[in-house]
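Note that this is a predicted model, so its numbers are computed, not measured. Sequence lines set the chain letters: A, B, ... in the order given, protein chains first and strands last, and positions in each chain run from 1. The analysis underlying the following values was restricted to heavy atoms, covering all of them including side chains, and did not include hydrogens, waters or symmetry mates.
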2 protein chains.
Amino acid sequence: MLDAFDRKILGALVEDAGLSYARIGERAGLSAPAVFERVKRLRSAGVIESVTARLDGESVGKPLLAFVHVDTTGWGKSERLMRMGEFPEVEEMHSVAGDTGMILKVRTQGPQALEHLLLQLYVIPGVTASRSYVVLSTYLDRPVQADVTLDWPKHPLPKE
Amino acid sequence: MLDAFDRKILGALVEDAGLSYARIGERAGLSAPAVFERVKRLRSAGVIESVTARLDGESVGKPLLAFVHVDTTGWGKSERLMRMGEFPEVEEMHSVAGDTGMILKVRTQGPQALEHLLLQLYVIPGVTASRSYVVLSTYLDRPVQADVTLDWPKHPLPKE
DNA sequence: TGATAATGCTGAAGGAGATTCTGTTACAAG
DNA sequence: CTTGTAACAGAATCTCCTTCAGCATTATCA
């Protein structure tokens with residue numbers, strides 16, 4: 001599906017989507033129009049979902065990041081649970097396998113705003129419990145990578 | 001720090017960073033050069049961290065998304081723990097407050113590749129336990145929002 | 001209060017880059 | 001061997017980025 005050219009182009013776009021097609025072409029070994037065509041294809045194929053600016057949470061007034069595990073009765077996409085996604089503080093929302101039903105990634109002004117959000121969550125029918133993990137420090141936060149080929153097994157197995 | 005113009009510009013760039021300055025200007029009520037100047041300022045101020053392409057994990061060969069809680073002895077940025085960030089499968093890495101020390105967001109080819117990664121994590125000194133939450137379904141995944149003003153308290157408080 | 005400087009805007013203009021077009025090559029199918 | 005398709009390079013056009021010159025507004029300070 002993706003050849004080496006595509007991976008190099010995607011790698012460049014993930015690193016900096018502001019690069020000119022000519023410069024990406026140098027890096028990938030293609031002409032600017034060739035890169036243009038491939039990017040257009042990758043877009044319409046859905047490989048590139050969107051091109052967006054990444055913002056600093058602190059600068060936009062939301063310095064507190066937290067992961068919230070939400071326990072629910074029932075499963076999957078109930079209309080009620082989808083309400084959680086309507087809060088602008090909620091950035092991600094995944095149903096997961098494990099000892100909880102849902103994991104939310106939320107960003108708020110501070111601890112009080114988080115408490116306020118949690119109170120709102122409990123109003124939703126089906127929400128039975130929650131556990132919050134407040135982020136103290138982020139050591140890594142990068143977009144989905146495409147340029148690294150994952151030939152499994154890739155890392156040496158631990159001895160023993 | 002950020003006025004209403006900035007928020008509108010940021011909102012547009014988060015939605016689609018490929019928009020022309022002229023079009024953003026229409027939306028925000030400014031001329032193209034004004035938008036250009038503001039974006040330059042927002043970049044150098046660090047409000048805009050980067051502009052990147054968001055890729056579809058499945059299309060790039062990493063369909064399995066999981067959150068991994070890692071328990072460690074000791075805290076903070078030990079050089080050993082930082083090794084976790086060197087795996088290309090690890091997209092995010094946060095130290096958190098709660099009943100675990102570290103939360104990782106990882107994306108792998110499949111369950112076996114996840115197991116393989118976990119085995120690698122246990123090789124790192126200081127790692128004592130881990131719990132994985134495999135994502136079954138993602139209902140929401142959006143970048144940091146800046147256009148929504150968070151006037152706390154914003155949501156009506158639940159009536160007891 | 002009034003003079004001066006600084007900031008931030010608009011509209012025009014030049015230049016860089018995006019996008020289209022044409023011709024060519026490589027490869028696959030018949 | 002012939003034909004058709006896919007994908008590329010180079011040239012050309014056209015859009016948009018980026019700079020520049022003035023102007024309005026606001027802040028600073030005498």
Side-chain angles (χ1 to χ4, degrees), chain A residues 1-62 143-151, chain B residues 1-56 58-61 143-151:
Chain A
M1 180 88 186
L2 299 182
D3 63 13
F5 287 128
D6 289 325
R7 299 217 172 248
K8 281 185 188 170
I9 292 171
L10 291 172
L13 288 178
V14 165
E15 194 180 301
D16 180 4
L19 289 172
S20 72
Y21 290 132
R23 197 162 299 277
I24 296 171
E26 290 174 19
R27 211 161 127 173
L30 287 173
S31 67
V35 175
F36 175 76
E37 270 304 323
R38 278 173 179 263
V39 169
K40 197 162 84 178
R41 219 176 315 151
L42 291 166
R43 275 192 142 288
S44 64
V47 179
I48 299 174
E49 290 179 346
S50 61
V51 176
T52 78
R54 287 169 70 88
L55 308 183
D56 174 48
E58 198 157 333
S59 300
V60 303
K62 297 192 272 189
V144 180
Q145 301 287 307
D147 45 351
V148 183
T149 316
L150 297 176
D151 308 301
Chain B
M1 181 87 186
L2 300 181
D3 63 13
F5 288 127
D6 289 325
R7 298 215 173 250
K8 281 185 188 171
I9 292 171
L10 291 172
L13 288 178
V14 165
E15 195 180 300
D16 180 3
L19 289 173
S20 73
Y21 289 132
R23 198 162 297 277
I24 297 171
E26 290 174 18
R27 210 162 126 171
L30 286 174
S31 68
V35 174
F36 174 75
E37 270 303 324
R38 279 172 178 263
V39 170
K40 198 163 81 178
R41 218 177 315 149
L42 290 167
R43 276 192 142 289
S44 64
V47 179
I48 299 175
E49 290 178 346
S50 61
V51 176
T52 79
R54 287 169 69 90
L55 308 183
D56 174 49
E58 198 157 331
S59 300
V60 303
V144 180
Q145 301 287 306
D147 46 350
V148 182
T149 315
L150 296 176
D151 310 299

Specify the closest pair of heavy atoms between [X] and [Y], including all atoms of both residues, with the distance to one decimal.
X        : Y         : value
Val60(B) : Arg7(A)   : O-NH1, 3.6 Å
Leu30(B) : Ile9(B)   : CD1-CD1, 4.4 Å
Lys8(B)  : Arg27(B)  : CD-O, 4.0 Å
Leu55(B) : Ala146(A) : CD1-CB, 3.4 Å

>> Can you tell me how far apart OH (Tyr21(A)) and CD (Glu37(A)) are? Round to the nearest 0.5 Å.
In response: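 Here the interatomic distance stands at 10.0 Å.
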Scan the side chains in residues 40-53 of chain A for donor-acceptor partners under 3.5 Å anywhere in the protein, sequence neighbours excluded, and list what turns up.
from     : atom 1 : to       : atom 2 : distance (Å)
Ser44(A) : OG     : Lys40(A) : O      : 3.4
Ser44(A) : OG     : Arg41(A) : O      : 3.2

> For the helix from dT1(C)-dA30(D) to dA13(C)-dT18(D), how many degrees between its two end axes (five pairs per end), to the nearest 10°?
Replying inline: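 For the helix from dT1(C)-dA30(D) to dA13(C)-dT18(D), the axes at opposite ends meet at about 10°.
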>> Going by side chain to side chain contact (heavy atoms under 4.5 Å, CB included), Leu13(A) matches just one of Val35(A), Leu19(A), Ile24(A). Which one?
In response: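 With Leu13(A) as partner, side chain to side chain contact (heavy atoms under 4.5 Å, CB included) holds for just one option, Ile24(A).
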> Just by protein heavy atoms under 4.0 Å, how would nucleotides 5-20 of chain C read 5' to 3' in B, S and -?
Replying inline: ----SBBB----SSSB
